[in-house]
Protein chains: 2
Amino acid sequence: MKNLKKEDYQPLDEETLFVVSQTFKALSDPTRIRILHLLFEKECSVTEISNCLELKQSNVSHQLRFLKQLRLVKYRREGKTIYYSHDDEHVINTLQQTIHHAKHH
Amino acid sequence: MKNLKKEDYQPLDEETLFVVSQTFKALSDPTRIRILHLLFEKECSVTEISNCLELKQSNVSHQLRFLKQLRLVKYRREGKTIYYSHDDEHVINTLQQTIHHAKHH
DNA sequence: TTATAATATGAATATATGATCATATTAAAT
DNA sequence: ATTTAATATGATCATATATTCATATTATAA
């Protein structure tokens, strides 16, 4: 197959491109990776995340909103406290695997 | 395990965090995704990529440099032409799977 | 050795992003 | 009803990023 032209190639549709790029964008920031990695351990409140990772509360809140929009995390309320946890197995597996891969290379 | 504290949690080391975030950053841009996706089909020259995806040559060149630095693509020279192809199975698999996942949800 | 084709590079710029501050909202306790 | 604790939001700012233009480099052909 020499001289590949536009006609010979099935391009990615706009929507898939958007979803995929957004998904990886979520995983491309150290702060969000740290938050998601912490949530591997267990469900956490915003304050717990802040303390554990030494991040400002508003920073954590903003990042969680981002992750929530992409449905990578879910939450439940208990009084004044809101507990966050993972909500996308595929993305979580991807992150786990890539962390493992990075550590062993 | 209630009240998770700093002491109870094994944080990600700086280097892993950097490698992982950089890897996902590479996959977070639509243009780079399109280039990598095109390279699924076959090895391509810079000009082929430009034509096929309707991108400026310099843009393609810049993105390829980025991908090259992260060793996600490799290249070989043939006269004036330089052919690019994939160079990281793990990352390629990750991208393939995530595209597939995005298409079927 | 000059011209041409393919690719790379650097500067400039517009936009996106992450972090922070101040403040708003929500729920519970006094 | 106030106060306090937990979380969310909006504005701002500094930095990062993607794209483009113009030009440089590299290799072949005439």
Side-chain angles (χ1 to χ4, degrees), chain A residues 2-5 12 14 17-18 20-39 43-70 72-85, chain B residues 2-5 12 14 17-18 20-39 43-70 72-85:
Chain A
K2 284 220 169 182
N3 277 331
L4 189 66
K5 285 173 195 161
L12 282 173
E14 272 301 319
L17 203 54
F18 180 74
V20 172
S21 63
Q22 282 294 110
T23 302
F24 286 124
K25 193 156 290 175
L27 302 177
S28 73
D29 175 67
T31 299
R32 286 192 290 270
I33 295 174
R34 293 174 73 210
I35 292 174
L36 290 170
H37 181 256
L38 175 58
L39 295 181
E43 196 183 41
C44 288
S45 72
V46 178
T47 304
E48 272 182 301
I49 298 172
S50 298
N51 292 337
C52 221
L53 303 180
E54 306 189 72
L55 296 168
K56 305 269 166 157
Q57 179 269 320
S58 66
N59 191 4
V60 174
S61 219
H62 280 302
Q63 301 298 354
L64 287 171
R65 180 168 59 170
F66 185 107
L67 297 171
K68 205 164 56 185
Q69 277 172 349
L70 288 173
L72 301 190
V73 298
K74 63 181 181 232
Y75 64 94
R76 69 182 175 85
R77 165 155 249 146
E78 203 170 280
K80 283 174 289 192
T81 305
I82 297 185
Y83 291 97
Y84 281 85
S85 58
Chain B
K2 285 218 169 182
N3 278 328
L4 190 66
K5 284 173 195 163
L12 281 172
E14 272 301 319
L17 204 53
F18 180 75
V20 171
S21 62
Q22 283 294 109
T23 302
F24 286 124
K25 193 155 289 175
L27 302 176
S28 74
D29 175 68
T31 299
R32 285 192 291 271
I33 294 174
R34 293 175 73 209
I35 293 173
L36 291 170
H37 181 255
L38 175 57
L39 295 181
E43 196 183 42
C44 288
S45 71
V46 178
T47 304
E48 271 182 303
I49 298 172
S50 298
N51 292 336
C52 223
L53 303 181
E54 306 189 71
L55 295 168
K56 304 269 166 158
Q57 178 270 319
S58 65
N59 190 2
V60 174
S61 220
H62 280 303
Q63 301 298 353
L64 287 171
R65 181 168 58 170
F66 184 107
L67 297 170
K68 205 164 56 185
Q69 277 171 349
L70 287 174
L72 301 190
V73 298
K74 63 182 181 231
Y75 65 94
R76 70 183 175 83
R77 164 156 248 147
E78 203 171 282
K80 283 175 287 193
T81 305
I82 297 185
Y83 291 98
Y84 281 86
S85 58

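First the proteins, then the strands, lettered A, B, ... as listed; each starts at 1.
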Original post:
Are A:Asp29 and A:Gln63 side-chain neighbours, meaning at least one heavy-atom pair lies under 4.5 Å?
Top reply: yes

Original post:
Across the strands shown, which category fits A:Tyr84 at heavy-atom distances under 4.0 angstrom: base, sugar-phosphate, nothing?
Top reply: sugar-phosphate

**OP:** Could you identify which residues of residues 55-64 of chain B place a heavy atom less than 4.0 Å from some atom of DNA chain C, listed by residue number, or say none?
**Re:** B:Gln57, B:Ser58, B:Ser61, B:His62

Subject >> Check: A:Thr47 and A:Thr81 side chains under 4.5 Å, non-hydrogen atoms >> reply: no

**OP:** Just jot down the ring pair (Phe, Tyr, Trp, His ring centres under 6.0 Å) partners of B:Tyr75, sequence neighbours excluded, or say none.
**Re:** B:Tyr84

**OP:** Mind calculating the distance between CD1 (A:Ile82) and P (C:dA27) to the nearest angstrom?
**Re:** 9 Å

Original post:
Quick one: does A:Leu36's side chain get under 4.5 Å of A:Val73's, heavy atoms only?
Top reply: yes

Original post:
Can you check whether B:Gly79's main-chain N or O pairs, donor with acceptor, with B:Arg77's side chain at less than 3.5 Å?
Top reply: yes

Original post:
Counting N and O atoms only, with roles assigned by atom type, does the side chain of A:Ser28 sit under 3.5 Å from a partner on the main chain of A:Lys25, one being a donor and the other an acceptor?
Top reply: yes

Original post:
Is any side-chain heavy atom of A:His37 less than 4.5 Å from a side-chain heavy atom of A:Arg34?
Top reply: no

**OP:** Could you pull out all residues at least two apart from A:Lys80 that satisfy side-chain contact (heavy atoms from CB on, under 4.5 Å)?
**Re:** none

Subject >> Upstream residue (5' side of DNA chain C) when B:Tyr75 and A:Gly79 are each assigned their closest nucleotide >> reply: B:Tyr75

**OP:** Give the first and the last nucleotide of DNA chain D, reading 5' to 3', that has any atom under 4.0 Å from a heavy atom of chain B.
**Re:** D:dT17 to D:dT28

Original post:
About how many Å separate CG of A:Leu27 and CD of A:Gln22, when rounded to the nearest 0.5 Å?
Top reply: 11.5 Å

**OP:** For DNA chain D, determine which residues of residues 20-30 of chain B have any heavy atom closer than 4.0 angstrom to one of its atoms, and list them numerically.
**Re:** B:Lys25, B:Asp29

Original post:
Sequence neighbours excluded, which residues qualify as side-chain contact (heavy atoms from CB on, under 4.5 Å) partners of B:Arg76?
Top reply: B:Glu43, B:Glu78, B:Tyr83

